[in-house]
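To keep things clear, I will list the structure first and then write my remarks on it.
All values reported here derive from a predicted model rather than from experimental measurement.
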Amino acid sequence: MKFKKPNQHGVWAMLIMPFLFGVFAGEFNLFHLLFILGWFLVFFATDNLLFYIKKRKKDNGYLLSAGMFGVLAALCLGVLILRQPSLLFFFGMMIPFGGLNIYFASIRDERNVLNDLSAVIIFSIAGCISYFIGHEELDGEMIKVFVFSFLYFVGTILYVKTMIREKRNVKYKWLSFSYHMLLVVAGFWFHVLMGIAVVPSLIRAVTFYGKNYKPMKIGIVEIANACFVTFFVALYFLK
């Protein structure tokens, strides 16, 4: 049995931030702990599965790890589904986007923007699940949890591409700059706290562009930025 260690800093933010947004917008209860545990196990299972799929030389050790994590995840999430069967609706919504992730892994094109967006949608739906566990309503606050998560991570995708794989692509440069400027404008239009939350994202997208920073430094900055955004989103929902 082998375990693929997650090597992308942004993944941890995608796992945790939408979950916290859902908690802030709704009400915390102990079942949230079971969900976040199950959600981490789902990620470990799918990460090992996708790694197995994309490798030309198959190693069944990763497939065994995926199965083990999958079973443990099913036990955790199964308890939640028995308590709230409506959660199946949210998990069902994730399936087609998970299918896209499997497809891009099979053709070894995981850096495709559509693959990134599919992952962002899945993680944003997880934020809706977190909200529903505590509040059990499909309402405007849940939509905010999804939208805040989705818009933030789309900006992160564009920024990281301009810093690593598309650093010489002028189209990505202006797409990233324009997106972050619009995000700040929309944030302040919506609420001053949300505007403040995304200002550092714009600053780092513009000032860091063209700099030859190592992935580790980029990741550290992203962790700090994620904490900043999470703090102001918490202030917004808890105000």
Side-chain angles (χ1 to χ4, degrees), residues 3-26 28-51 62 65-66 68-81 87 90-91 93-95 97-102 104-105 110-111 115-134 142 144-157 159-160 197 201 215-216 218-234 237:
F3 174 64
K4 178 188 176 295
K5 182 180 178 181
N7 56 2
Q8 298 179 19
H9 301 86
V11 168
W12 301 109
M14 287 186 176
L15 280 166
I16 297 171
M17 289 176 69
F19 167 77
L20 290 178
F21 291 178
V23 172
F24 297 146
F28 174 79
N29 63 50
L30 292 178
F31 287 100
H32 278 106
L33 300 180
L34 191 60
F35 172 63
I36 193 61
L37 173 61
W39 190 231
F40 267 82
L41 291 168
V42 167
F43 169 70
F44 292 143
T46 55
D47 197 38
N48 279 273
L49 175 61
L50 294 176
F51 187 71
Y62 295 107
S65 294
M68 179 190 71
F69 286 121
V71 169
L72 293 174
L75 291 174
C76 292
L77 300 179
V79 173
L80 295 176
I81 291 170
L87 292 177
F90 299 101
F91 288 116
M93 289 177 62
M94 294 179 177
I95 292 175
F97 302 104
L100 281 175
N101 292 153
I102 292 174
F104 284 112
E110 289 184 298
R111 303 303 177 184
N115 187 56
D116 292 334
L117 290 176
S118 295
V120 166
I121 291 173
I122 290 172
F123 287 115
S124 299
I125 292 173
C128 296
I129 293 175
S130 176
Y131 176 80
F132 192 81
I133 287 172
M142 179 184 288
K144 291 177 186 177
V145 169
F146 180 89
V147 172
F148 292 171
S149 301
F150 180 80
L151 292 180
Y152 171 73
F153 287 121
V154 169
T156 298
I157 289 171
Y159 162 68
V160 172
S201 297
M216 178 63 76
I218 295 172
I220 291 173
V221 171
E222 282 308 285
I223 291 173
N225 189 45
C227 291
F228 184 87
V229 171
T230 301
F231 175 74
F232 277 92
V233 170
F237 279 126

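- Going from atom CG of Leu80 over to atom CG of Leu34 covers 4.5 Å, rounded to the nearest 0.5 Å.
- Closest of all the heavy-atom pairs between Asn29 and Ile133 is ND2-O, 3.2 Å.
- Residues Leu77 and Val42 meet the side-chain proximity criterion, which asks for heavy atoms closer than 4.5 Å.
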Evaluation steps, side chain to side chain contact (heavy atoms under 4.5 Å, CB included), between Val11 and Asp47
CA-CA 11 Å; Val11 168; Asp47 197 38; over 6 Å; no

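- A distance of 5.5 Å separates CZ in Phe150 from CG in Leu117, rounded to the nearest 0.5 Å.
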What's the verdict on ring pair (Phe, Tyr, Trp, His ring centres under 6.0 Å) for Phe31 and Phe35, showing C-alpha distance, side-chain angles and the deciding distance?
CA-CA 6 Å; Phe31 287 100; Phe35 172 63; over 10 Å; no

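- A distance of 11.0 Å separates CZ of Phe51 from OG of Ser65, quoted to the nearest 0.5 Å.
- Considering Leu49, Leu50, Asn48 in turn, Asn48 is the only one that fulfils the side chain to side chain contact (heavy atoms under 4.5 Å, CB included) rule with Tyr62.
- Classification of the Phe228-Phe232 ring pair by plane angle, with boundaries at 30° and 60°, yields tilted.
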Before giving the answer on side chain to side chain contact (heavy atoms under 4.5 Å, CB included), spell out for Met17 and Ser149 the whole-Å C-alpha distance, their side-chain angles and the decisive distance to 0.1 Å.
CA-CA 7 Å; Met17 289 176 69; Ser149 301; over 6 Å; no

Assess whether side chain to side chain contact (heavy atoms under 4.5 Å, CB included) is satisfied between Ser130 and Val145, documenting all intermediate values.
CA-CA 9 Å; Ser130 176; Val145 169; over 6 Å; no

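- When all heavy atoms of Met94 and Ile125 are compared, the closest pair comes out as CE-CG2, 3.7 Å.
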Yes or no on ring pair (Phe, Tyr, Trp, His ring centres under 6.0 Å) for Phe132 and Phe90, after CA distance, side-chain angles and deciding distance?
CA-CA 10 Å; Phe132 192 81; Phe90 299 101; 5.4 Å; yes

Go through the steps to decide whether Leu30 and Leu33 satisfy the test side chain to side chain contact (heavy atoms under 4.5 Å, CB included), and finish with yes or no.
CA-CA 6 Å; Leu30 292 178; Leu33 300 180; 4.1 Å; yes

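- The shortest distance between side-chain heavy atoms of Thr230 and Ile16 does not fall below 4.5 Å.
- At distances below 3.5 Å, at least one donor-acceptor pair connects side-chain atoms of Thr156 with backbone N or O atoms of Tyr152.
- Nearest approach of Ile129 to Leu87, heavy atoms of both residues: CG2-CD2, 3.9 Å.
- Closest heavy-atom contact between Phe123 and Met14: CD2-O, 3.4 Å.
- Shown are Phe21, Phe24, Phe148; of these, the ring-ring contact (aromatic ring centres under 6.0 Å, His included) with Phe237 is made only by Phe148.
- Here the CE-CD1 distance, from Met93 to Ile122, works out to 11.0 Å after rounding to the nearest 0.5 Å.
- Residues Asn115 and Leu100 come closest through the heavy atom pair OD1-O, 4.0 Å.
- Ring pair Phe44/Phe69 is tilted by interplanar angle, where 30° to 60° counts as tilted.
- Atoms CD1 and CG, on Ile220 and Asn225 in that order, are 13.5 Å from each other to the nearest 0.5 Å.
- Scanning all heavy atoms of the two residues, the minimum distance from Leu15 to Ile36 falls at O-CD1, 4.1 Å.
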